[in-house]
Each structure stands twice: as C-alpha cells, then as structure tokens.
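Within every chain, numbering begins at 1; the chains are lettered A, B, ... in the order of the sequence lines, protein sequences first and strands thereafter. Keep in mind that what you see is a predicted model, and the values were worked out from it rather than measured.
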Number of protein chains: 2
Amino acid sequence: MTELKYIAVRNFLKEQIQQGTFGVGDFLPSENELCRKFSITRTTARKALDELLKEGFIEKKHGKGSCVIERRKSLGLLTVKGFSEAVGKNVKTIFIQKPTLQKLNSSIITALKDEDKKSDYWFFERLRCVGETPVMIEKNWFSNISLPKFKDVSFIDNSFFKTLSQKYFIEIIGSSQELRAEFANKEVAKILQIEIHSPILHISVQFKTSVSNLTIYSELYCNTKKFPIGNNYYI
Amino acid sequence: MTELKYIAVRNFLKEQIQQGTFGVGDFLPSENELCRKFSITRTTARKALDELLKEGFIEKKHGKGSCVIERRKSLGLLTVKGFSEAVGKNVKTIFIQKPTLQKLNSSIITALKDEDKKSDYWFFERLRCVGETPVMIEKNWFSNISLPKFKDVSFIDNSFFKTLSQKYFIEIIGSSQELRAEFANKEVAKILQIEIHSPILHISVQFKTSVSNLTIYSELYCNTKKFPIGNNYYI
DNA sequence: TAGTGGTCTAGACCACGCC
DNA sequence: GCGTGGTCTAGACCACTAG
C-alpha cells in the first residue's frame, strides 16, 4: 500500500516545520505552489494544509497564505498524561518516599472505593521542580495488585504512567478530579519552600486504569505562583 | 450576502439533531442523499458533515454513514456547557453586569490574541451560587462579532454556551486554561462573602469556537471550600 | 493587478460494511 | 452487489491582501 498523497504532503511539510526550515511566523508554500511541486490538485493540497491546521501547526490567512504558529500542547497535566510531558523539559523529580507497601492511612484519601480499603497499598511520594524551584508535591497510592518487581523498576522518563504502559501494559483510561484552593500547612510549606498559609492548589485525582481492580489515587499540592497549572483540550 | 451552501446544510442538520429528529445512534442522510436533497455536489455535502464532525456532533463510519454521537461535554477541567450542568440543579445565577460593549481593559486578560486587541468587547459578569452560598464569580469577554440582538437575548437555561449553540450555531471546540491558587482580593472577597486573603481558585480560560475569529475569554474566581471544582475525563 | 485562500461543480475510482 | 464514506482530478468564480 502506498501512502496517500495528502498524507505525504502533510508529512513533508510537518518535517520541514519540525526541522525549522519553516519557523514560527513563516509562510508555507501557497496551495498552487504545492500543486505544481507535488503534481496534485488544489483539493489535495488544501486537505494536506487542513491537516496541519487541525493539528495546530499553522493558521490560514485569507489573501496571504498559511502561517506557521506556535504549536499548542496536547492534553495537559490535568487530563491524563502526568507531569513530565506537561511542563516541559526543565523538570527535576525527587523521590521523597520510594515505592513501599504500606498499611493504608485512610484519613489521607477521602474518596476511597470500598473494595480498596482492605488491602495493603503501594505508596510513593515525589517532589517536582522546575529548574531549582519546587512546584508540586505528588503523593500516589494504589492497591497491591501484581506488578512484578515494581519496587525495583526505575520509571521511564520519570513518568509513572509511561512505566505502567510500557512495562505492564496498563493504560490510564480516565480520571476524576477535585480541585481546591487551600492554605499550605506546615509540612507542605516546608517542602515547597514557601511561607506557611500561602495559597496552594490541592488536586485530588482518581485514575481509572485498563485493569478493572486498579485505581490510582493521587494527591497533588501545587505552588501555582510562578507556574500555573495549565490544560489544553481540543475536540 | 446569502448564506454559504455548506453552512446552510450544516445548520439544517444541526437543528435536526438539537430538536431530536436525529438522536444519538441515528445515521444522518448519506452524502449522496444530501447532494440530491440540496442540489449540491459531494464536496459540499462532505464539507457540511466535516463541520459537524469537527464540532463533535457526529462520527463517520466508513461504509455505513454519519452517526450522531453523545456530544462530549467535559472540555478539560470544567465542562464546556458552563456552570449549570457542572454543579447540579441547585444553582442560582445573578448578573453583576449584563452584557455590554466595552473598551477593553487589557490588564485583566493576560493572554489576549493580537487580533483581539483592536475592537470593542462584549463583557458580562455573573455570580454563581449553590443554594444561598456564592461560589464563583465569572467574567466573560469576547470580541464584537455579529451576534444580532445579543444584548437582549435571554440565556437558554442560564447557559451562555447553550445560547451560542442554539441561537447562533456557534460551538465550543476547545479550551485552554490556567489555574492558580491565590488570595482573594477585596472585591472578590466581598462578592463571594468570604474574608479577604482567603485562598481562592483563579481559572483563566480561553474558549476556541467554531467561528475562527471568535475566542471567548473567561476569568473565574472560585471559593472551593464547600464546593470543590470537579472534573471527569474518560477517553 | 496579481496572487492568495474560500467555495463549489461534475465527474472518477477505491475500500469498507452489509446482505 | 450495492450503498457508504475516502481520495482525487480539473476545472470555475469569488473575496481578501498587498504592491
């Protein structure tokens, strides 16, 4: 099977953009130029450009051309992907508590499912920093289902979810969240290096996974002063 | 100026869907049927259907047809449909400022698009209460595109977005948000009936719409103490 | 005025789903 | 086999931007 024409043109242009041949603000070749260059009709050229439009690489300007724009990020922190992909590359992750099996301290997790109250729990806690600035404390719990050697695995790209996916073939298929603005308590303030009673964003998340009896609970405490939590969503 | 053909077909189908003539799971008329019915070519029929696809009303099934689907309601953090459906039925909405045309106070909206800096703006501000408790201040801006009689329309079910959809055929197709935990300032504290310097959740939202030059900007100030902001997401 | 993108026509062939 | 949507051609006219 040979590649569709509009896909080929789209990929060609996308590569050029990603390699910097066309930078932000530059105009791509016009539809008619693409027609000549690739021996296609305008319908096909337009379809290729429409793909780039839909994917957020360009915007079209009537009478001028197709302009490369700053690409929006995909699903942000608050949807499914986790922290590593959300904030960018300059992220440091420090384990405050490496993964251990614990008896559950049920006062911490408020919305615990009944069937999850019985067993032991994996727990780990991390501090996320942007540059040298601590921005988020992340506490995670999940029940003791079979994750062979979980204690000893190192996280792929510091991402728990990526590790679940690639090592255990477990996918996140949904989440539900509650968000609160709160005063930082003593412990949180100390770790985030902010004053006690500073406003912090507290996010409680339940992640639903492709394994039916595995729910992951996370409690996040964010200092949003320098780094607000972001989120993008497109249908 | 007469209406574009694909817009006319799109609106016709959208009305049928909103009125329930085509319910979830039903198939719309095929592309060839639309061609005959409206005396158009398949390109135009497809463009109309592609609009409905982009706006989340249908999905296309190769070899079968265009199927009406449950329109995705949750756009990232908050629901697209606005507050009314988000918190439940016991919601009261009070206009602090009815829709008016204003010169823009650009200090309020941080991430304003360049082309949006020129014109006048529609602005309105509302207070959302659960029972008798004020929980959210909602400020909205959008550029002065043609929304006939907007000043005088009453919102359908108190929902700005539902009104946009059903009266003007404008759909929300995406959003990008920033969340911050902040201290309540004097004005916000007074309206929300909380103490000054209480922690509040400040959400800045840009809504992308199906009208290319219409972006809606919202600034939300939430007292999350009794009513945390919630969100569900499923793939 | 020349070039650009936006809309639209009238065809064609193909791959998929279903009977 | 037939109808469906997916891709593609070869044109046309229009509205917008700019020199």
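Regarding L34(A), its CG atom lies at a distance of 14 Å from the C1' atom of dG3(C), rounded to whole Å. In this entry the distance linking NE2 of H62(B) with P of dT4(D) reads 12 Å, nearest Å. To the nearest angstrom, C1' of dC14(C) lies 14 Å from CD of E31(B). The interatomic distance linking K60(B) (NZ) with dA15(C) (P) rounds to 19 Å, in whole Å. In this structure, the CD atom of E59(B) is 18 Å from the P atom of dT4(D), given to the nearest Å. Distance NZ (K61(B)) to C1' (dA15(C)): 18 Å, rounded to an integer number of Å. Distance F38(A) CZ to dT7(D) P: 18 Å, rounded to the nearest Å. Here the C1' atom of nucleotide dG5(C) and the CG atom of D50(A) are 11 Å apart, to the nearest Å.
T44(A) has its side chain out of reach of L34(A): every pair of non-hydrogen atoms, C-beta onward, lies at least 4.5 Å apart. Proximity of I58(A) to I69(A): side-chain heavy atoms (C-beta onward) are nowhere separated by under 4.5 Å. Q206(A) places none of its side-chain heavy atoms less than 4.5 Å from the side chain of E178(A).
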Just the atom pairs and distances: protein N or O near nucleotides 8-11 of chain D's N or O, under 3.5 Å.
residue: dC8(D); atom: OP1; partner: K5(A); partner atom: N; Å: 2.6
residue: dC8(D); atom: OP2; partner: Y6(A); partner atom: N; Å: 3.4
residue: dT9(D); atom: OP1; partner: K5(A); partner atom: NZ; Å: 2.7
residue: dT9(D); atom: OP2; partner: T41(A); partner atom: N; Å: 3.0
residue: dT9(D); atom: OP2; partner: T41(A); partner atom: OG1; Å: 3.0
residue: dT9(D); atom: OP2; partner: T44(A); partner atom: OG1; Å: 2.8

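Scanning DNA chain D for stems, defined as runs of 3 or more consecutive Watson-Crick or G-U wobble pairs whose donor-acceptor distances all fall under 3.5 Å, gives the following ranges: C:1-18 with D:1-18.
Taking the six-membered ring where the residue is Trp, F124(B) and F160(B) present perpendicular rings, their angle passing 60° and hence far from 30°. The aromatic rings of F38(A) and F12(A) lie perpendicular to each other, with more than 60° between the two planes, well past the 30° mark.
E55(B) and R10(B) are joined by a salt bridge, as a carboxylate oxygen and a charged side-chain nitrogen come within less than 4.0 angstrom of each other. One finds a salt bridge joining R42(A) and E31(A) here, because a Lys/Arg side-chain nitrogen approaches an Asp/Glu carboxylate oxygen to under 4.0 Å. A salt bridge links E187(B) with K139(B): the distance from a Lys NZ or Arg NE/NH1/NH2 to an Asp or Glu carboxylate oxygen falls below 4.0 Å. E51(B) has no carboxylate O lying under 4.0 Å from a charged side-chain N of K14(B), or vice versa, which leaves the two without a salt bridge.
Comparing R46(A) and G63(A) along DNA chain C, the residue whose closest nucleotide (by nearest heavy atom) sits nearer the 5' end is G63(A).
OP1 and OP2 of dC16(D) both lie 4.0 Å or more from every side-chain N or O belonging to K64(A).
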